[in-house]
2 protein chains.
Amino acid sequence: MKPAARRDEILGLLDEIGEVTVDELAVRFGASRETVRRDLSRLDAFGHIRKFHGGARAARPNGVPLRETAFDTRMNERRTEKNAIARRAADLFPENSVMFIDTGSTTIAFAQALSKRRGMTVITNSPQIAGILSQAKTNHHVYLVGGEVAAEGRETLGAMAIAQIAQFKTEMARAMIEQAQSITVLADHQKLGRPAVFQVAELAKVARLVTDRQPGPEMSDALSAAGVEVVLADQGQS
Amino acid sequence: MKPAARRDEILGLLDEIGEVTVDELAVRFGASRETVRRDLSRLDAFGHIRKFHGGARAARPNGVPLRETAFDTRMNERRTEKNAIARRAADLFPENSVMFIDTGSTTIAFAQALSKRRGMTVITNSPQIAGILSQAKTNHHVYLVGGEVAAEGRETLGAMAIAQIAQFKTEMARAMIEQAQSITVLADHQKLGRPAVFQVAELAKVARLVTDRQPGPEMSDALSAAGVEVVLADQGQS
DNA sequence: ATTTTTATTGACTGATTGGGCGGTTCTCAC
DNA sequence: GTGAGAACCGCCCAATCAGTCAATAAAAAT
């Protein structure tokens, strides 16, 4: 049985009976408890369900769609690298820092890592990041920037409109950067390969880059020329 | 029985009968007094209830609802009524309407109902509502109002701080209302019993009230005197 | 077709949590 | 006051959970 199908079935079950236990599911799927728990954690992380000790129950109130969205899966790609980068980056900021966090799957991982620390003041344009940090019981202050919420499933939009939205996002990010004292970029090695990362921020304005592998030679040269501190996240390290 | 469910049930009981004793609960749940006391202490710390010697009673200061933070549970109670109201209310607005939707468990149900229609422009202060409407594939435009995101699980907050937050929310709602051309209030019959609903909006400014039962005689008089149109939602109807 | 990268899984570890037990201290009613 | 019951405290055990590891399966790249 494919993992995606399994998670789908879990959602279906929860939709019907509202509550399941880990053991129950483990038996049903013939999988280990660990696997089941991982599924549940993953679904919980996206607000589809709500875990409790020993199982999970439906969290339908949110109106979150019942199946995994494309964004969910995207989020889980290169998860270990992202987590490593995110944790490493979270360590870079002292407690009670004030920071701006942009939208993105890597920054969501970052927000999760950050939520375990205390007393951060975070301004963000991502409702999801705001949710993660405000639900953590570690006394953060979270400010959500208002604006139009981009539709995840707006199928009818043409390429044109999508490009416009992308453009708007870019400008928003640029505006944030204008205000920032110091910029830290988070990017995994794959993203670093493409030049797109630095369309938003000029290299010269970036103070730090957190990534998971040593960048290629030319990139390294450019980085050191611009005075960017490269922070390497070891995937094994906390 | 799961701890979370147990605590939920305690809240439900207190909502009904207003007062419980430790022994009573211990018997009901088949748990030890210790466990019950721990539950009560925890709920007290959240400001949901107030402990006294041998038991606890509902801590309802002034108009502060019993369950301000246990949103998911609150969402589940009176679900059918809320859904009926929400669906009925959604029918009141023509397509391509522009509206402002405040936070709240009833309005979330409303947003869900609304998401099935098309082309609405919605301004809201609730990230959850924004999420619901933006994920629907029915071409809505959603604008999220920025601001501090209230912590859901900030355990350290006492009843005092919670009351303050409630106050802030009230003021925000008032400001929205200032700007509105026409106000529609959604409230189930239980809420209508309490005067708190109209602390925020003067009756005179309300154009419509959508509810599930005919209000009591005095309330009815006040409503018609203020020229409020009462819309009744039949629970069986779509 | 083969090699490399990525994703998934089950097992293992230490850390948390839920719940119970018993003794001491505190409350309240008499 | 005084005593019975209740709250509080530290300690216990069992179950669960988060995190890490290596092995495998799947997918992508060459």
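In what follows, every heavy atom counts, from backbone to side chain, and hydrogens, waters and symmetry copies are set aside. Numbered from 1 within each chain, the chains take letters A, B, ... in sequence-line order.
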Presence of [X] side-chain N/O under 4.0 Å of [N] phosphate oxygens OP1/OP2:
X: A:Ser32; N: C:dA11; answer: no
X: A:Lys82; N: C:dA7; answer: no
X: A:Lys116; N: D:dG19; answer: yes

Check for a donor-acceptor pair, side chain of [X] on one end and backbone N or O of [Y] on the other, with a separation under 3.5 Å.
X: A:Thr124; Y: A:Ala130; result: no
X: A:Asp212; Y: A:Asp188; result: no
X: A:His140; Y: A:Val122; result: no
X: B:Thr107; Y: B:Asp102; result: yes
X: A:Thr211; Y: A:Ala187; result: yes

Which of the following nucleotides, [options], is nearest to the side chain of [X]?
X: A:Pro3; options: C:dT6, C:dT9, C:dG20; result: C:dT9
X: B:Val22; options: C:dA7, D:dT20, D:dA7; result: D:dA7
X: B:Arg6; options: D:dT16, D:dT20, C:dG19; result: C:dG19

Value in whole Å for how far the [atom2] atom of [N] lies from [atom1] of [X]:
X: A:Leu40; N: D:dA18; atom1: CG; atom2: P; value: 10 Å
X: A:Asp188; N: C:dT5; atom1: CG; atom2: P; value: 14 Å
X: A:Met75; N: C:dA7; atom1: CE; atom2: C1'; value: 16 Å
X: A:Arg33; N: D:dA15; atom1: CZ; atom2: P; value: 11 Å
X: A:Asn83; N: C:dT8; atom1: CG; atom2: P; value: 14 Å
X: A:Glu81; N: C:dT8; atom1: CD; atom2: P; value: 13 Å
X: A:Arg87; N: D:dT20; atom1: CZ; atom2: C1'; value: 10 Å

Pairs under 3.5 Å (N/O, protein and nucleotides 10-14 of chain D):
none

Does B:Arg37 contact D:dA6 through a side-chain donor or acceptor facing the base, at a distance under 3.5 Å?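 Flag unset: no donor-acceptor pair detected.
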So do A:Arg7 and A:His48 actually touch side chain to side chain, heavy atoms under 4.5 Å?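 Not touching, per the 4.5 Å side-chain cut-off.
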Heavy-atom side-chain proximity of A:Phe52 to A:Arg50 below 4.5 angstrom: no
Restricting both atoms to N or O, compile the protein contacts to nucleotides 24-30 of chain D shorter than 3.5 Å, with distance only.
none

Pairs under 3.5 angstrom only: tabulate donor-acceptor contacts from the side chains of residues 24-33 of chain B to other protein residues two or more places apart or in another chain.
residue: B:Glu24; atom: OE1; partner: B:Thr21; partner atom: OG1; Å: 3.4
residue: B:Arg28; atom: NH1; partner: B:Glu9; partner atom: OE2; Å: 2.3
residue: B:Ser32; atom: OG; partner: B:Glu34; partner atom: N; Å: 3.4
residue: B:Ser32; atom: OG; partner: B:Thr35; partner atom: N; Å: 3.2
residue: B:Ser32; atom: OG; partner: B:Thr35; partner atom: OG1; Å: 3.1
residue: B:Arg33; atom: NH1; partner: B:Asp23; partner atom: OD1; Å: 2.9

Within the 4.0 Å heavy-atom criterion, would you say B:Asp23 contacts the bases, only the backbone, or no part of the nucleic acid? sugar-phosphate
What does A:Phe52 touch in the nucleic acid at a heavy-atom separation under 4.0 angstrom: a base, only the sugar-phosphate, or nothing? sugar-phosphate
A:Gly30 vs A:Arg78, nearer the 5' end of DNA chain C by closest nucleotide: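 Final value for this comparison: A:Arg78.
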With sequence neighbours excluded, what pairs up with A:Asn83 under the side-chain hydrogen bond (donor to acceptor under 3.5 Å, both in side chains) test?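 Result, side-chain hydrogen bond (donor to acceptor under 3.5 Å, both in side chains) vs A:Asn83: none returned.
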What protein N or O atoms touch nucleotides 26-30 of chain C N or O atoms at under 3.5 angstrom, if any, and at what distances?
residue: C:dT27; atom: O4'; partner: B:His53; partner atom: NE2; Å: 3.2

Could you verify whether a donor N or O on one side chain and an acceptor N or O on the other, from B:Lys116 and B:Thr138, lie under 3.5 Å apart?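 Per modelled atom types, B:Lys116 and B:Thr138 side chains form no pair under 3.5 Å.
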Reference residue A:Ser105; test side-chain hydrogen bond (donor to acceptor under 3.5 Å, both in side chains); the match among A:Glu77, A:Lys82, A:Arg78: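 So, applying the side-chain hydrogen bond (donor to acceptor under 3.5 Å, both in side chains) to A:Ser105 and each of A:Glu77, A:Lys82, A:Arg78, only A:Lys82 qualifies.
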According to salt bridge (Lys or Arg N to Asp or Glu O under 4.0 Å), who are the partners of A:Arg6, at least two apart in sequence or on a separate chain?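 With sequence neighbours excluded, A:Arg6 shows a salt bridge (Lys or Arg N to Asp or Glu O under 4.0 Å) to A:Asp39, given in chain and number order.
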